[in-house]
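As structure tokens, the structure follows; a few thoughts come after it.
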Amino acid sequence: MFDSNRDTTNEGSTDVRRRVFLATAAATVAGLALWQWRKPSVLEAAPAVLPEPKEVTIVVFSDAGQRLKIERIPKVVKTEDEWRKLSGNAFDITRHADTEIAYSGKYWNLHDKGIYRCIGCDNALFDSATKFESGTGWPSFWAPIAAENVTEIRDTTFGMVRTAVACTECDAHLGHVFDDGPDPTHLRYCMNSASLRFVKYV
Ligand SMILES: [Zn+2]
């Protein structure tokens, strides 16, 4: 009788455990079902909230190199077809971070005084006053015309860790920046001529 009672107790306790387990499992399944049901409804709601047009801060310069004002403007967004209108290798360089062949570009050996603007959006990028002879075959500068006007991005392509430089206003790839430049910054902005448009000082 004693043994029988103990067995009953054990069975009862096993039943309770099983019931608790089943209840927990059911709650988990219900929870998952609820989560799976709720998740799409959140995703469906997302497109109703349209993203704000992205704005960027740039410094505006005249063609005489004069710093005019700091401006908050909508980012320039162009279609792939619009970018393809750029001549020669400018599309591959600005959009796919290609690099022009050294000594092949039109600005590596240019010594005129003027301003270098973005080929994609005319944003002012470099001043001839910071251009120096790097011996690389690419136009090289020790500073951008304004820090705001260029964006530096960590680039790990080709098994190297480099810092890519893009136009803040339109995202055009410009080149890379290295820390082996001359005084006063010791930086070398190694640019592609094809990403730039030179405007001689008036
Ligand atoms: Zn640009």
Side-chain angles (χ1 to χ4, degrees), residues 51-102 104-132 134 136-158 162-178 181 185 187-202:
E52 290 287 312
K54 196 169 179 191
E55 290 196 333
V56 288
T57 300
I58 59 147
V59 184
V60 180
F61 287 81
S62 72
D63 280 348
Q66 190 184 3
R67 188 182 170 109
L68 299 177
K69 57 182 173 179
I70 296 178
E71 207 170 49
R72 188 101 180 126
I73 56 165
K75 208 171 175 90
V76 169
V77 180
K78 294 189 189 188
T79 65
E80 203 73 351
D81 281 346
E82 285 174 317
W83 281 109
R84 283 186 187 280
K85 287 176 187 162
L86 292 177
S87 60
N89 52 2
F91 172 78
D92 288 333
I93 292 170
T94 56
R95 302 308 293 162
H96 298 295
D98 201 3
T99 300
E100 67 194 14
I101 295 166
S104 74
K106 52 185 173 180
Y107 297 142
W108 70 271
N109 200 26
L110 183 71
H111 300 284
D112 291 346
K113 289 183 167 45
I115 188 170
Y116 291 83
R117 294 188 178 276
C118 175
I119 195 75
C121 72
D122 262 358
N123 182 22
L125 299 171
F126 296 95
D127 189 300
S128 59
T130 66
K131 197 170 187 285
F132 68 96
S134 63
T136 61
W138 290 287
S140 304
F141 307 84
W142 49 258
I145 198 164
E148 294 89 337
N149 293 14
V150 298
T151 302
E152 298 181 7
I153 309 146
R154 183 180 156 89
D155 175 8
T156 56
T157 57
F158 302 110
R162 295 179 295 171
T163 303
V165 181
C167 170
T168 300
E169 192 173 333
C170 74
D171 283 340
H173 172 78
L174 306 174
H176 289 87
V177 59
F178 303 93
T185 62
L187 295 172
R188 172 170 60 93
Y189 285 82
C190 184
M191 299 292 105
N192 289 284
S193 300
S195 299
L196 307 173
R197 183 175 73 83
F198 179 72
V199 183
K200 200 169 179 174
Y201 281 156
V202 286

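Both counts, for ligands and for their atoms, begin at 1 and track the order of listing. Residue numbers count from 1 along this sequence.
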Task: By side chain to side chain contact (heavy atoms under 4.5 Å, CB included) - contacts of A97 (at least two apart) - done: H173
Task: Atom of T168, atom of K75 and distance for their closest heavy-atom approach - done: O-NZ, 3.1 Å
Atom pairs and distances, side-chain donor-acceptor, residues 137-145, under 3.5 Å, sequence neighbours left out:
residue: W138; atom: NE1; partner: E100; partner atom: O; Å: 2.9
residue: S140; atom: OG; partner: S134; partner atom: OG; Å: 2.7
residue: S140; atom: OG; partner: W138; partner atom: O; Å: 2.9

Show me the side-chain donor-acceptor pairs of residues 109-116 shorter than 3.5 Å, one per line, residues at least two apart or across chains.
residue: N109; atom: OD1; partner: H111; partner atom: NE2; Å: 3.2
residue: H111; atom: NE2; partner: N109; partner atom: O; Å: 3.4
residue: H111; atom: NE2; partner: E133; partner atom: OE2; Å: 3.3

Open item on the list: I'd like to verify the contacts: list protein N, O or S atoms under a distance of 2.8 Å from the Zn ion (ligand 1).
Closed with: C118 SG, C121 SG, C167 SG, C170 SG
Task: Candidates R72, E71, E169 - the one meeting side chain to side chain donor-acceptor pair (under 3.5 Å) with T57 - done: R72
Open item on the list: So, taking the atom named CG in D63 and the one named NZ in K200, what distance separates them when rounded to the nearest 0.5 Å?
Closed with: 13.5 Å
